[in-house]
Amino acid sequence: MTTLSDRSPIQSDALLAARRLPPWQIVLIGPLAGFALGVVARWWMRLISDDPEFSWSGTIFIVLAFTVMGAAHGMVWAVRRAGAGRRWTTVARVVAAVLTLPIFAGAGAMMLPTVFGASVARSRSDWPRAVRVLFLVLAIPIPISIAVDLVGNGVTPRSVFGAVLLVATYTAIVRSMDAIVAPIDDGWRLRRSVKVLAVVATALLVLLAAWSAVGIG
């Protein structure tokens, strides 16, 4: 779903792309991209469902949740592009993280550990490679489990396309999460002991969530 790199904390592809645009364009693009991704996500749900009947309320909620997520991420990209200080960038990141949570409502909750783990693996380029690999490993079981379920009744064009669309959709989400997860490159760092504690605690939470989501426990 994602790859690791040794680039500096602000050198992810998404961050570099955002830095080429003026803030006002980023703010406009964010909700449009989120809306488009929400439409794709809703279509994917219809594609894989045994009961393709969906309510308008459910459809509106999902598309709106993705639109809000896109707007929130666009806000953070714009704040980063404008060169705001750590305080305001952190506030924007926290707000965006909260506004991202609705896309994991209901059945979407299963993918939260994957998005979180893959985002850390991709974006935290200031963390040791071994730690990032660990988070990537923790992120893998759930999409594999979903893909296996999709092809469980036979490998068909529909099931294969459903698996591909799943990976594509959540890859886009993980890339967008750069806005929130990528470190602020101002030279400030947590003390090593605090960072180790935070990494261990976060890894345990992701592992617990992934364990629960795939029904192993």
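Note that the coordinates shown come from a computational prediction; the quantities given were computed from them, not determined experimentally. Numbering of residues begins at 1 and proceeds along the displayed sequence.
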Any non-hydrogen side-chain atom of [X] less than 4.5 Å from a side-chain atom of [Y]?
X	Y	answer
Met45	Ile62	yes
Leu99	Met75	no
Ser159	Thr156	yes
Val120	Trp127	yes
Pro183	Arg124	yes
Pro113	Ile142	yes
Val131	Pro128	yes
Phe66	Ile173	yes

Does [X] share a hydrophobic cluster with [Y], counting links as ILVMFWY side-chain heavy atoms below 4.5 Å and allowing steps through other members?
X	Y	answer
Val95	Val76	yes
Phe35	Val68	no
Phe61	Met110	yes
Val115	Trp44	yes

Looking only at non-hydrogen atoms, find the nearest pair between Val63 and Thr67 and report the distance.
O-OG1, 2.7 Å
Reference residue Arg122; test side chain to side chain contact (heavy atoms under 4.5 Å, CB included); the match among Val181, Leu136, Asp178
Asp178
Which is it for Thr114 and Tyr170 under the side chain to side chain contact (heavy atoms under 4.5 Å, CB included) test, yes or no, and what are the steps along the way?
CA-CA 9 Å; Thr114 293; Tyr170 281 94; 5.7 Å; no
Tell me whether [X] contacts the main-chain N or O of [Y] through its side chain, where contact means a donor paired with an acceptor under 3.5 Å.
X	Y	answer
Arg81	Ile26	no
Ser145	Pro141	no
Thr169	Leu166	no

[X] [atom1] to [Y] [atom2] distance, which is reported to the nearest 0.5 Å:
X	Y	atom1	atom2	answer
Phe116	Met111	CZ	CE	14.5 Å
Arg93	Ile180	CZ	CD1	8.5 Å
Ser123	Arg132	OG	CZ	8.5 Å

Under 3.5 Å donor-acceptor pairs involving side-chain atoms of residues 100-107, not counting sequence neighbours:
unit_1	atom_1	unit_2	atom_2	d
Thr100	OG1	His73	NE2	2.9
Thr100	OG1	Ala96	O	2.7

Of all residues at least two apart in sequence or in a different chain, which pass the ring-ring contact (aromatic ring centres under 6.0 Å, His included) check with Trp43?
Phe161
